[in-house]
Amino acid sequence: MNTILIIDDEEKIRSLLSRIISLEGFEVYEVSNLKSGLKRLEVSDIDIVICDVKLPDGNGVEFSKIIKDRFPVTEVILLTAFGNIPDGVMAIKNGAFDYITKGDDNTKILPLIYKATEKVALNKRVIQLEKQLDNKQSFDNIIGKSEVLLSSVDSAKKVAITNATVLLTGETGTGKEVFAQAIHHASKRNKKNFIAVNCSAFGKDLLENELFGHKAGAFTGAVKDSKGIFEEANLGTVFLDEIGEMPLDLQAKLLRVLESGEFLKVGDSKPIKTDVRIIAATNRDLEKEIENGNFREDLYYRINIFKINLPSLRERTSDIELIADFFLKTFSRKIGKNISAISSAYLKALKNHRWKGNIREFRNVIERSVILTDSSTLDIESLPPDIAENNSNNESNKLMSAFSMASAEKMQIQKVLNHTKGNKSEAARLLEIGIATLYRKIEEYKIS
């Protein structure tokens, strides 16, 4: 039910309007001044305000701006005894839905209210969709509580509020685009475009055209000017996925964008200015690519201002149950099945698998299981054979010899962690291994 607030100091007019509107099924509130109207707006969810222009404590035209500033979804219809063009123009500028003459055929008010309710419903729907989009693009959408993941999220949150170029590294399928979107969403550029391009998905000429656009006549078929990503994303963010695949001559052109904020369209000689933030991602070792002559060293230093390594799923097995539950709910709802549980054998198999494709592979496996399962519980029979069989092999070799290398490694890690009083960075340094490797070993050996 839509709610309507009538603000008028003439009781007879208030009562008449209230009676007409109430008979249509609307919930109606009445007040005699702007102060009381503002109080009612603060405590009730008001959809439409019908307000007199001249009131004892103020002007309805000016009040309509206050309403729209504080309650943007609420629509305002102004009533006046003596209509004039300047007031009408100012009312619309202040955000009023309409401005009509008081007592001028009361049958006009109802069609106007119904039109206003349609706009209110649309505004509420837009806000709801924006909230859903915000949730999908925020850091809250990154699932997991493992230390190694939270460390990466914490770093991303810190750099998000700056304009620094970010390099996301990690294996394929670790969620680099999700991180890039979250960084953009938390930045000051979040109202502008976020445009992603996979540098490995295009040949050199197509990628150049995609990034920089072209002038009419630049090549056969170029009948008009075309904007590239760097022009479309001005004041926003460009995400360059798989940047290690970018051809060397395009790397030089990207370097120009980073250094001078300008670029040339294909077939043009006049540089175009752009202000974009670049987030790059790769699953390659760019330092090795530099040694092999496949990547420019100067570009590497420009994009490597702030590097964040995203952990593989093997390094955060403690998150597997949370992620599995999320995908189970997602695909059960999408496919229309009532699957609410995961068996312990199924979960154990997930944790034992190596997940070379990481989250991308994991997601596909859960979707497949949901499709195949006819009961209310995901069980091991719905897993691909290689994952199910691997679990059986792990079970048969489960017992660890007290003299095995793995046992010795576990004891050594525990010993060093005790020595550093739990300081993992110091322990990794003493063990001469990477911090990500240490986290993986802690997860693998269940070291407390």
So, does [X] use its side chain to make a donor-acceptor pair with the main chain of [Y] at under 3.5 Å?
X	Y	answer
Asp319	Ser146	yes
Asn358	Arg360	no
Lys215	Lys265	no
Asn418	Gln414	yes
Lys124	Val73	no
Asn190	His185	yes
Lys410	Lys441	no
Thr274	Phe230	yes
Ser187	Arg189	yes
Asn141	Val178	no

Using 4.0 Å as the upper bound for N to carboxylate O, is an ion pair formed by [Y] and [X]?
X	Y	answer
Arg296	Asp298	yes
Asp154	Lys158	yes
Arg429	Glu426	yes
Arg284	Glu245	yes
Asp69	Lys65	yes
Glu42	Arg70	yes
Glu367	Arg363	no

Review point. Any idea how Phe194 and Phe239 line up, ring-wise: parallel (<30°), tilted (30 to 60°), or perpendicular (>60°)?
Key: parallel
Exercise for review: Can you label the angle between the Phe179 ring and the Phe139 ring as parallel, tilted or perpendicular, going by 30° and 60°?
Suggested key: perpendicular
Practice item. Using the ring pair (Phe, Tyr, Trp, His ring centres under 6.0 Å) rule, collect all pairs that involve residues 259-304, keeping only residues at least two apart or in two chains. Key: Phe212-Phe263
**Study point:** Working for side-chain contact (heavy atoms from CB on, under 4.5 Å), residues Leu299 and Leu258
**Key:** CA-CA 9 Å; Leu299 177 59; Leu258 286 162; 3.6 Å; yes
How long is the gap from [atom1] on [X] to [atom2] on [Y], to the nearest 0.5 Å?
X	Y	atom1	atom2	value
Glu208	Leu254	CD	CG	12.0 Å
Leu168	Ile303	CG	CD1	10.5 Å
Lys415	Leu417	NZ	CG	13.0 Å
Ile442	Thr317	CD1	OG1	11.5 Å
Phe202	Asn209	CZ	CG	9.5 Å
Asn163	Asp275	CG	CG	7.0 Å

Is [Y] close to [X] at the side-chain level, that is, under 4.5 Å between some pair of heavy atoms?
X	Y	result
Tyr29	Leu41	no
Lys176	Thr174	yes
Thr162	Phe306	no
Ile50	Ile113	yes
Leu211	Lys253	no
Leu248	Asn294	no
Lys307	Thr169	yes
Ile7	Phe63	yes

Exercise for review: Show the numbers, then the answer: is there a side-chain hydrogen bond (donor to acceptor under 3.5 Å, both in side chains) between Tyr114 and Glu24?
Suggested key: CA-CA 10 Å; Tyr114 279 111; Glu24 294 295 312; 2.7 Å; yes
Taking everything shown except [X] itself, do over 12 heavy atoms lie less than 6.0 Å from its [atom1]?
X	atom1	answer
Lys273	NZ	yes
Lys356	NZ	no
Lys192	NZ	no
Ile161	CD1	no
Glu321	CD	no

Identify the heavy atoms of [X] and [Y] that sit nearest to each other, and give their distance.
X	Y	answer
Leu438	Lys424	CD2-O, 3.2 Å
Ala160	Ile183	CB-O, 3.6 Å
Leu34	Cys51	CD2-SG, 3.9 Å
Ala281	Asp241	CB-OD1, 3.6 Å
Ile48	Ala116	CD1-CB, 3.7 Å
Asp379	Ser343	OD1-OG, 2.9 Å

Check your understanding: Going through the checks in order, is the side-chain contact (heavy atoms from CB on, under 4.5 Å) test met by Leu383 and Leu350?
Key -> CA-CA 9 Å; Leu383 283 170; Leu350 295 183; 4.0 Å; yes
Practice item. Could you please spell out the steps behind the side-chain contact (heavy atoms from CB on, under 4.5 Å) verdict for Ile6 and Ile21? Key: CA-CA 10 Å; Ile6 301 171; Ile21 295 167; 4.1 Å; yes
Review point. Without hydrogens or angle criteria, can the side chains of Glu27 and Thr3 be said to hold a donor-acceptor pair below 3.5 Å?
Key: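 Looking only at side-chain atoms, Thr3 and Glu27 do not form any donor-acceptor pair under 3.5 Å.
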Review point. Can a donor-acceptor pair be found between the side chains of Tyr346 and Ser369 at a distance below 3.5 Å?
Key: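 There is such a pair between these side chains.
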Revision key, fill the gap. From the list Thr373, Ile323, Leu378, side chain to side chain contact (heavy atoms under 4.5 Å, CB included) partner of Leu328 resolves to Leu378
Point to revise | Chi angles and distances behind the side-chain contact (heavy atoms from CB on, under 4.5 Å) call for Arg314, His353 | key: CA-CA 8 Å; Arg314 296 185 303 280; His353 188 57; over 6 Å; no
